[in-house]
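Below, each value reflects all heavy atoms present in this structure, side chains not excepted, and no hydrogens, waters or symmetry copies.
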Amino acid sequence: GYKNTTEDDDGQAEDENDDGQTEEIKNGLYESFHENGQLHLRENYKDGELDGLFEVFHENGELSLRGNHKDGKMDGLVEEFHESGQLNWRGNFKDGEREGLYEEFRENGQLQLRGTFKDGKMDGLWEGFNENGQLEEKENYKDGKKDGLRELFHENGQLSKRENYKDGELDGLVEEF
């Protein structure tokens, strides 16, 4: 529904929504807590929109998610963490869409997946790694769909399969080694 912004007697901005209820427009730091008393969420607002640093925490107090908002949308580096504190994934955002390098990690800290986003869609080379840190898979994306060469590898590093994609569909010969 619509929002109508007014100021109340103490100068605080308020919103009146379409059912006549008045809500205060958030400005500044906002925090919420888990039932066990641990900090759950810390975020900043500017004129009712998320703006600046935000952090989410696991019940054990470890950081779960950290990033930035700009004009209410995620912007810049965002990182998510396992309950152990180990990095789970990190990636960049622009205007709320994934943009640029994305990396995903196993619980032990080893790289599991690496690729890039363009306008919120997978784009370019993506690589997957096995539990030993060796390259397991390489594939290319265009506009969020597999496009071009895809290669799979055995644990010894030797090529096991080669296939080609066009616009997300398998295209042509599939070679297995």
Do the side chain of [X] and the main chain of [Y] share a donor and acceptor less than 3.5 angstrom apart?
X    : Y    : value
D51  : G72  : no
N68  : L53  : yes
H34  : F57  : yes
N140 : L149 : yes
N156 : Q158 : yes
T116 : L101 : no

- Query: What's the verdict on side chain to side chain contact (heavy atoms under 4.5 Å, CB included) for N92 and R98, showing C-alpha distance, side-chain angles and the deciding distance?
  - Reply: CA-CA 6 Å; N92 288 292; R98 290 187 185 276; over 6 Å; no
Are the side chains of [X] and [Y] in touch, meaning some heavy atoms are under 4.5 Å apart?
X   : Y   : value
N60 : Q38 : no
F54 : L65 : yes
R90 : V78 : no
F93 : D75 : no
E62 : S84 : no

Which atom of [X] lies closest to which atom of [Y], heavy atoms considered:
X   : Y   : result
L63 : H58 : O-CD2, 3.6 Å
G96 : K73 : N-CB, 3.6 Å
S32 : Y30 : CB-OH, 4.2 Å

Give, for atom [atom1] of [X] and atom [atom2] of [Y], the distance between the pair rounded to the nearest 0.5 Å.
X    : Y    : atom1 : atom2 : value
F129 : E137 : CZ    : CD    : 11.0 Å
N44  : K26  : CG    : NZ    : 11.5 Å
L39  : E55  : CG    : CD    : 8.0 Å
E176 : R162 : CD    : CZ    : 12.5 Å
E104 : L87  : CD    : CG    : 10.0 Å
L113 : R106 : CG    : CZ    : 9.5 Å

Would you say [X] has more than 12 foreign heavy atoms packed within less than 6.0 Å of its [atom1]?
X    : atom1 : value
E131 : CD    : no
E31  : CD    : yes
E155 : CD    : no

* Would Y102 and Y141 show up in the same hydrophobic cluster when neighbours are defined by side-chain heavy atoms closer than 4.5 Å? ->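 Yes, Y102 connects to Y141 through the hydrophobic network.
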Q) Should L77 and V56 be regarded as members of a common hydrophobic cluster, given that ILVMFWY residues are connected when their side-chain heavy atoms come within less than 4.5 Å of each other, either directly or indirectly? A)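 No; V56 is not reachable from L77 via cluster members.
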Item checked: Parallel, tilted or perpendicular, as decided by the 30° and 60° cut-offs, for the rings of F117 and W126 ->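 Judged by the thresholds at 30° and 60°, the geometry between W126 and F117 is perpendicular.
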**Prompt:** Can you check side chain to side chain contact (heavy atoms under 4.5 Å, CB included) on F153 and K138, steps first, answer last?
**Reply:** CA-CA 9 Å; F153 299 89; K138 281 179 14 178; 4.2 Å; yes
With Y165, which of D147, L170, D171 fulfils side chain to side chain contact (heavy atoms under 4.5 Å, CB included)?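 Exactly one candidate clears the test, L170.
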task: For E163 and R150, run side chain to side chain contact (heavy atoms under 4.5 Å, CB included): C-alpha distance rounded to whole Å, both residues' side-chain angles, the deciding distance at 0.1 Å, then the answer.
output: CA-CA 5 Å; E163 51 196 24; R150 177 177 186 241; 2.6 Å; yes
With a 4.0 Å cut-off on N to O distance, would you call [X] and [Y] a salt bridge?
X    : Y    : answer
E79  : R66  : yes
D167 : K145 : yes
E99  : K94  : no
E151 : K161 : no

>> Against the six-membered ring of W89, is R114 placed for a cation-pi contact (under 6.0 Å from the centre, within 45° of the normal)?
In response: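 No cation-pi geometry.
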So, S64 versus E80: side-chain donor-acceptor pair below 3.5 Å or not?
->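 Absent: no donor and acceptor within the cut-off.
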*Answer yes if the ring centres of F33 and H40 are under 6.0 angstrom apart, and no otherwise.*
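That pair fails the under 6.0 Å test.
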